[in-house]
Amino acid sequence: MMYAKVIVDVAAAQTNRAFDYRIPEEFDGIVKPGMRIVVPFGPRKIQGFVWKITDQTELSRVKPLQEILDPYPVLTNELLELGEWLALETVCFLITAYQSMIPSAIRAKPKKILRPAGDPAELPAELQPLFAETKEINWEQAAAGKEIRLALKKALQNEELIIDYRLQDRTKKKTVRVLRLPSFGPTKDYKTELGNKAKKQTEVMNWISSYYPNTSVAAQTVMKQLGVTQGVIQSLVKKGLLLEEYREIYRDPYEHHSFSETERPLLTDQQKQVLQPIHTAVEKREYVPFLLHGVTGSGKTEVYLRAIETVLDKGKEAIVLVPEISLTPQMVERFKERFGSQVAVLHSALSSGEKYDEWRKVHRKEVKVAVGARSAVFAPFENLGIVIIDEEHEGSYKQEDHPRYHARQVALWRGNYHGCPVILGSATPSLESYARASRNVYQLLELPGRVNNTAMPDVEITDMREELKQGNRSAFSRLLLEKIRDRLNKGEQIVLFLNRRGYSTFVMCRNCGYTSACPHCEITLTYHHTGRLLKCHYCGYHEPMVNKCPECDSDHIRFFGTGTQKVQEEITQLLPEARVIRMDVDTTSRKGSHEKLLQSFRNEEADILLGTQMIAKGLDFPKITLVGVLAADTMLHLPDFRAPERTFQLLTQVSGRAGRDKLRGEVVVQTYTPEHYSIQYARTHDFQAFAQAEMGQRKRGGYPPYYYITLLTVSHENAAKAMKTVDQMAAHLKTALSPESKILGPTVSPIARIKDRYRYQCMIKYKNEPDLIRILNDMHSNYQKEMAKEDLTISIDMEPQMFM
Ligand code: ADP
Ligand code: ZN
Ligand code: ZN
């Protein structure tokens with residue numbers, strides 16, 4: 001007798017282990033680890049993952065598993081193992097770890113469709129009637145009787161039948177309507193049948209017979225090419241002159257693009273040098289973590305492309321992670337150009353159906369390269385030859401929800417598992433990675449100069465305090481304005497960057513000081529021009545913009561802070577001739593709008609690109625010769641120890657957009673704190689000096705990479721309950737951990753309330769706590785009952801990137 005050990009789909013401490021189920025005879029040999037199945041659980045039937053298969057159980061009575069949801073495992077053995085590690089390391093339930101590794105679309109229950117593998121006449125006699133009038137049948141309907149069910153399963157096992165899992169509703173596989181001649185060839189004399197009245201119909205028949213005598217053609221194509229209506233085609237179908245079918249296609253999010261085979265540039269000596277140890281690691285199947293530190297425009301992407309070529313030559317697969325991929329369409333294009341249909345693109349801007357299709361290409365081994373955002377690190381390749389993380393310092397690689405994993409940590413685990421290199425690339429590596437490279441935990445590779453020796457742009461800093469003293473209240477310093485005018489005259493392009501965080505528009509009454517705040521969260525509402533709404537960025541609450549102060553009735557209610565809209569208005573006033581494209585959450589919310597705006601800027605339909613964070617990355621336009629950073633300090637003063645690092649990274653990123661081609665680039669950084677080291681070292685493009693200064697700060701403050709940090713946040717509707725719980729936890733940790741470790745707090749979280757829940761936190765700083773993971777996991781399970789019964793939330797974040 002065989003048993004399946006199953007991880008059931010109930011995220012709770014009591015169910016955070018494998019449950020045994022008997023494998024009924026009919027499923028013998030079909031059930032495999034990594035498949036999703038349905039099992040009886042108490043009175044319910046629930047889903048779960050098969051974790052292991054064994055011939056032993058300690059239970060005396062074992063229930064049989066109910067049904068199989070997947071024709072083949074959705075999790076590989078490697079991912080099953082990775083999930084165990086991840087659940088432990090990030091203090092989450094196994095099921096949560098596994099669910100995060102598969103696309104959301106396949107978590108929905110699929111419909112099972114059966115069809116004969118070959119000629120239906122060759123099926124066992126008892127099954128033949130099922131396919132007499134149809135090519136495929138629905139499992140649920142067909143398998144009503146026990147005998148027929150067994151026969152179907154047997155046929156499946158013998159591969160006489162094929163099973164397809166179709167998702168219902170929006171994640172349906174996409175189909176196209178195609179037309180063809182009834183027997184592929186002009187059997188019927190359509191000319192006689194149509195006579196000479198049905199001119200359009202004859203035209204369609206002529207066209208299809210001459211161009212598509214032996215294959216089918218999409219109905220859309222016919223209609224477009226010949227300018228005929230749906231009605232014309234329908235009449236032909238009715239007459240039996242054309243056959244109509246639906247064919248499954250993959251949704252290709254890039255179908256409107258044409259990707260050309262690009263010529264590979266000759267590598268620079270620098271590029272050759274850094275590629276060598278990478279090639280060696282691929283060759284020797286060795287796990288080597290590399291940190292590729294290369295200035296902006298140094299040709300890191302070309303290094304990735306060549307490394308992947310080597311991997312593909314070896315018949316292996318590659319994963320490339322890029323941050324918020326929808327913001328870096330140029331990057332995706334380069335991979336598509338080089339590797340064509342071998343690439344699947346997995347990112348969050350795709351619909352869940354599109355994501356599912358792309359994931360299936362990986363799963364079915366139809367592609368060899370997966371390019372995607374954070375979760376693409378789980379791409380189910382089984383023969384991985386390299387993992388690449390571009391812009392490895394980016395905060396978006398950390399998932400802020402269960403499981404709170406960092407893609408870097410998963411990438412390294414997989415590299416180690418497969419014995420392959422992992423490349424972490426950046427112009428501004430995180431201090432954690434840089435420190436690891438200095439201790440030779442990672443092998444450091446450097447590209448210190450730009451391709452073709454293009455100079456780094458000149459960066460000038462303007463002191464906005466001086467401007468104010470001189471009576472300039474505009475968002476533009478005189479220097480920046482002068483340089484913008486100069487570029488407009490020369491017909492060159494300009495990028496203006498406005499950091500949104502801490503800088504968005506909020507509303508305040510000048511009379512009484514009232515500010516509009518979210519009624520559910522401790523946070524001010526942000527004004528959005530579209531719809532004239534005040535919105536909460538945490539819970540989505542919104543209300544209409546007011547004209548009078550709700551407190552004192554005064555009409556002196558004004559916007560504060562400079563949003564991109566306000567800046568745009570100011571540019572229009574100051575420089576009416578300038579053509580401006582604005583890119584922010586408001587102008588890019590519709591799918592594809594981001595790419596359209598960029599394309600139009602690339603086509604030089606505008607002089608100025610004005611935007612938020614989203615324009616900082618990946619832009620590579622030769623005509624940009626001026627970059628203006630309107631307010632460099634907005635990020636510097638956030639209550640986060642990484643604020644200087646983020647500021648340096650951002651300034652480096654945006655400056656990197658200037659002068660990437662033959663024209664020399666210039667950058668103007670406006671700031672109220674020109675003396676700050678992150679601004680000064682960004683000016684001189686000196687990462688090493690910045691890193692050194694920042695390491696000093698971290699050491700003094702006791703922050704990473706000198707200490708590890710774990711953040712514990714407790715939230716509850718009742719403030720006292722949340723506080724009491726976090727106090728208990730902190731007290732417990734104080735006794736359980738070594739005296740060298742520090743426990744800060746408990747205190748109120750920086751955002752004290754979100755969605756009507758009060759939030760308290762405490763922070764653990766430690767150097768060496770080998771038992772910490774176990775202690776935290778135990779503590780987490782001990783609070784299980786309260787979490788379930790009293791709606792208490794405890795979140796444990798092992799390497800927090802945000803401290804809100
Ligand atoms: P990074 O990713 O380091 O910012 P990129 O890989 O985007 O740099 O390279 C910058 C520019 O230089 C791109 O336009 C790229 O096509 C080009 N490039 C890269 N390597 C070479 C090379 N060896 N020869 C010529 N051009 C190159
Ligand atoms: Zn007021
Ligand atoms: Zn809110």
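Indexing begins at 1, ligand by ligand and atom by atom, following the structure's order. Nothing here was measured: the structure is a model prediction, and the numbers come from that model.
Within the protein, the number of N, O or S atoms lying under 2.8 Å from the Zn ion (ligand 3) is 4.
Ser655 and Thr652 are not linked by any side-chain donor-acceptor pair at a separation below 3.5 angstrom, with hydrogens and angles left out of the test. Residues Arg646 and Gln801 have side chains that bring a donor and an acceptor to within less than 3.5 angstrom of each other. With no hydrogens or angles considered, no side-chain donor-acceptor pair links Gln649 and Thr428 at under 3.5 Å.
The salt bridge (charged side-chain N to carboxylate O under 4.0 Å, His left out) search around Glu309 returns Arg264, Arg338, not counting sequence neighbours.
Distances shorter than 4.0 angstrom occur between a heavy atom of Ser298 and an atom of ligand 1. Ligand 1 is never approached by Leu447 to a heavy-atom distance shorter than 4.0 Å.
Inclusion of Gly299 in the set of residues having an N or O under 3.5 Å from an N or O of ligand 1 is warranted. For ligand 1, none of its N or O atoms has an N or O atom of Pro265 under 3.5 Å away.
Comparing Thr301, Thr268, Leu267, Asp269 against atom 2 (O) of ligand 1, the shortest heavy-atom distance belongs to Thr301.
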Subject >> side chain to side chain donor-acceptor pair (under 3.5 Å) assessment of Glu432 paired with Tyr434 >> reply: CA-CA 6 Å; Glu432 285 91 333; Tyr434 198 62; over 6 Å; no
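No donor-acceptor pair closer than 3.5 Å links the side chain of Glu394 to the backbone N or O of Glu391.
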